[in-house]
Amino acid sequence: MRRRPYGAVVAVGALLASAACASPAGEGTASKAGTQTRTIRPVTGCAASSWTAPSDLSPTRRPARCAPGTPAPRPLPESRELTIATGTLSAEYVAPLQVALDKGEFKKEGLDVTLKVLPTPDALPLLAKGDIDALWAAPEAAVMNGVHGGFDIRWVAGNFSPAPTSKSGLWVRLKDGESADRVAMAGRKLGTMIGKGSVIAYPMEKALEKHGGGLDEIQYQQLGSADVLTALQNGGVDSAWLLDPVWRRVDGIPGYAFLGGQPPGEPLGGLLYGPSLLNDDVDAGVALVRAYIRTVNTYFAADYKKNATFVTYLARLLRSDAKILASTPSLRMDWEIRAGTTDRLQSAYRAQGVFEGDPLPESRTVDRSLYAEAVGHRP
């Protein structure tokens, strides 16, 4: 399959052109997986702490949790083969899927899961047509434009939010007279791996507002993952979005300042479903979410990097260096989706000029009913 650049601007035309192969724009405005049509039963091990109000945007909100090993598996009557696309298999935010596969959590549900590396723009039309079953990504501009064009796709589970001590995010080289509290961002050149249309547009917008800039007042330079830091250090760009653990290379060094990152307590990605699991086989859709939630509760419930043995195991799965993995704070794995996140993302995409048309209501972009059923939460 021919690869396209991983960027929403390039993807928009292809997505809208292929939307005719998916559900017409008037269909699928609400997922058929809704709890109003399915029986929600109490789940042992998942008490009140297994659900937090979506409206709670507090940065100190404790992620929902069940007891380790729960929710217990409920194997499907017949085994189901599922394909989950992901942009990478080595990033830490993919760890719950890797662990679930390695520990047999999917198998316990009667699911034969394959993880397939595929960029989001390539995966979206396949997801909308049911050629793949799920996507481990984020509701980027390409996703929002695809849904706007008729794709029946929903964000059904979150992935993580950063630890309070993380400095993954927007970094800048300071000019004479500037400090971390006073930086003139308008006109700056920003180095980023994805460019416009990424979910980082939303936290970037919040950071830029404090420093006299806007998403339409900076220049974007798309760079390879190995080149972003180098460009910032040698002056090729004067600001950059640095991920874990790259930001450690400039943290504490005079002349650099951290301006902000992903909002604490608010996941910006996770599982996206197409019609295959939203409509055709909802039982399998719930089973997949249940296995993911059980993996989080069992292996990622708290500060998992305090366990050196687990870090070594995780590094092997992700094919990374254990020392580098341990050098950054644990992610706060979080399967829930906050209210209004896709509204805020669409607003940022519009400011970047990569999203047009009427804003999509949350009913077209998010479905919390699958993880609600998995933990036994009744609306």
Peer 1: Any pair with a residue in residues 314-331 that passes salt bridge (charged side-chain N to carboxylate O under 4.0 Å, His left out), sequence neighbours left out, goes on the list, sorted by first then second residue, please.
Peer 2: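 Sorted result for residues 314-331: empty, none.
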
Peer 1: Does one side chain, of Ser179 or Asp181, offer a donor that lies under 3.5 Å from an acceptor on the other?
Peer 2: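 Side chains of Ser179 and Asp181: no pair found under 3.5 Å.
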
Peer 1: With Asp343, which residues qualify under salt bridge (charged side-chain N to carboxylate O under 4.0 Å, His left out), at least two apart?
Peer 2: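 Asp343 satisfies salt bridge (charged side-chain N to carboxylate O under 4.0 Å, His left out) with no residue once adjacent residues are dropped.
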
Peer 1: Not counting sequence neighbours, which residues clear ring-ring contact (aromatic ring centres under 6.0 Å, His included) with Tyr292? List them please.
Peer 2: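 Applying ring-ring contact (aromatic ring centres under 6.0 Å, His included) to Tyr292 gives Trp136.
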
Peer 1: Not counting sequence neighbours, list each pair that qualifies as a salt bridge (charged side-chain N to carboxylate O under 4.0 Å, His left out) and has a residue in residues 80-99.
Peer 2: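 For residues 80-99: Arg80-Asp133, Arg80-Asp281, Glu92-Lys305.
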
Peer 1: Output all residues satisfying salt bridge (charged side-chain N to carboxylate O under 4.0 Å, His left out) with Glu205, sequence neighbours left out; order by chain, then residue number.
Peer 2: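 None.
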
Peer 1: Under the side-chain hydrogen bond (donor to acceptor under 3.5 Å, both in side chains) definition, can you give me all pairs with a residue in residues 207-218, not counting sequence neighbours?
Peer 2: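 The answer is none; no pair qualifies.
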
Peer 1: For Asp283, enumerate each residue passing the salt bridge (charged side-chain N to carboxylate O under 4.0 Å, His left out) test, keeping only those at least two apart in sequence or located in another chain.
Peer 2: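 So Asp283 forms a salt bridge (charged side-chain N to carboxylate O under 4.0 Å, His left out) with Arg38.
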
Peer 1: How would you list all residue pairs meeting salt bridge (charged side-chain N to carboxylate O under 4.0 Å, His left out) that involve residues 45-55, not counting sequence neighbours?
Peer 2: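 Every candidate salt bridge (charged side-chain N to carboxylate O under 4.0 Å, His left out) pair involving residues 45-55 fails, so no pair, neighbours aside, qualifies.
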
Peer 1: What pairs of residues pass the side-chain hydrogen bond (donor to acceptor under 3.5 Å, both in side chains) test when at least one of them lies in residues 161-175, not counting sequence neighbours?
Peer 2: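 Residue pairs with at least one partner in residues 161-175: Lys167-Asp251, Arg173-Tyr256.
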
Peer 1: Partners of Tyr313 by ring-ring contact (aromatic ring centres under 6.0 Å, His included), sequence neighbours excluded?
Peer 2: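 Phe310.
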
Peer 1: For the residue pair Arg61 and Thr52, confirm or rule out a side-chain donor-acceptor distance under 3.5 Å.
Peer 2: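 Result is yes, a qualifying pair exists.
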
Peer 1: Among residues at least two apart in sequence or on other chains, which ones pass ring-ring contact (aromatic ring centres under 6.0 Å, His included) with Trp247?
Peer 2: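 Per chain and number, Trp247 pairs via ring-ring contact (aromatic ring centres under 6.0 Å, His included) with no residue.
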
Peer 1: Sort and list the pairs that fulfil salt bridge (charged side-chain N to carboxylate O under 4.0 Å, His left out) and have at least one residue in residues 66-78, not counting sequence neighbours.
Peer 2: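 Qualifying pairs: none.
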
